[in-house]
2 protein chains.
Amino acid sequence: MKIAVNVHLKKGVLDPQGKAVHHALETLGFKNVENVRIGKQIILNLNTEDKEKAIQEAKKMADELLANPVIENYEIEVKE
Amino acid sequence: MKIAVNVHLKKGVLDPQGKAVHHALETLGFKNVENVRIGKQIILNLNTEDKEKAIQEAKKMADELLANPVIENYEIEVKE
């Protein structure tokens with residue numbers, strides 16, 4: 001089972017990488033970009049076919065290792 | 001309109017960050033992880049309500065700036 005864990009900086013935490021990309025996009029002529037935030041997408045291939053179990057396990061991994069709860073939020077997405 | 005551009009290393013391109021996370025997860029006791037790949041998720045807030053136009057524009061941004069076509073693939077996802 002393929003699970004994506006999307007990790008993003010919390011609202012209010014400065015995202016200099018996103019700011020830089022926003023600026024670069026404007027320089028390239030993309031004028032209607034309001035905001036850019038850059039996060040990580042971690043794709044986990046788990047050796048289980050139980051969707052609920054896979055989500056629970058991914059959540060545990062995110063809490064323990066993948067995300068920093070002080071500055072980051074995450075969301076779990078089932079890919080297939 | 002909120003668009004996500006998910007950028008990942010192509011199959012066959014070594015992902016040392018993913019390998020390190022895989023190893024760390026095993027050390028933490030998560031035994032049924034088969035594979036971990038780590039990519040970027042870029043969230044774009046575009047000033048348009050036209051879904052097709054937003055997707056086209058995000059694709060152009062990915063081609064021109066966000067992804068490196070030599071080693072990376074990307075997918076576009078409409079968030080809201």
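None of the values given here were measured: they were computed from a predicted structure. Quick note on labels: first sequence line is chain A, next is B, and so on, each numbered from 1. For the numbers below, each heavy atom of this structure counts, side chains included, while hydrogens, waters and symmetry mates do not.
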Residues of residues 44-52 of chain B with a heavy atom under 4.5 Å from any heavy atom of chain A, in residue-number order, are B:Leu44, B:Asn45, B:Leu46, B:Asn47, B:Thr48
Practice task
State plainly whether one hydrophobic cluster holds both A:Tyr74 and A:Leu65, where clusters connect Ile, Leu, Val, Met, Phe, Trp and Tyr through side-chain heavy atoms under 4.5 angstrom apart.
Solution key: yes
d(B:Asn6 CG, A:Asn6 CG) to nearest 0.5 Å is 6.5 Å
Under a single-linkage definition using a 4.5 Å side-chain heavy-atom cutoff for Ile, Leu, Val, Met, Phe, Trp and Tyr, are A:Leu9 and A:Val5 assigned to the same hydrophobic cluster? no
Side chain to side chain donor-acceptor pair (under 3.5 Å) test vs A:Gln41 passes for just one of B:Lys40, B:Arg37, B:His8, B:Glu75, namely B:His8
Taking B:Val7 as the starting point, is it possible to reach A:Val7 by hopping between hydrophobic residues whose side chains are less than 4.5 Å apart? no
Would you indicate whether A:Lys10, at its atom NZ, is surrounded by more than 12 heavy atoms from other residues, nucleotides or ligands within a distance under 6.0 Å? yes
Q) Are A:Phe30 and B:Ile76 linked, directly or through other ILVMFWY residues, by side chains that come within less than 4.5 angstrom of each other? A) yes
Query raised in the report: Heavy-atom count around A:Lys11 NZ within 6.0 Å, excluding the residue itself: above 12?
Result: no
Answer key: most heavy-atom pairs under 4.5 Å with chain A among B:Gln17, B:Lys2, B:Glu77, B:Lys31 is B:Glu77
Exercise. Please examine the side chains of A:Ile42 and B:Val36, heavy atoms only from C-beta on, and report whether any two atoms are closer than 4.5 Å.
Key: yes
Okay, A:Leu66 and chain B: the region with an atom under 4.5 Å from a heavy atom over there is side chain
Would a hydrophobic clustering, with Ile, Leu, Val, Met, Phe, Trp and Tyr connected at side-chain separations under 4.5 Å, put B:Ile43 with B:Val78? no
_side chain to side chain contact (heavy atoms under 4.5 Å, CB included), that's the test. Do B:Glu57 and A:Asn32 meet it? Break it down for me._
CA-CA 10 Å; B:Glu57 203 157 353; A:Asn32 56 0; 2.8 Å; yes
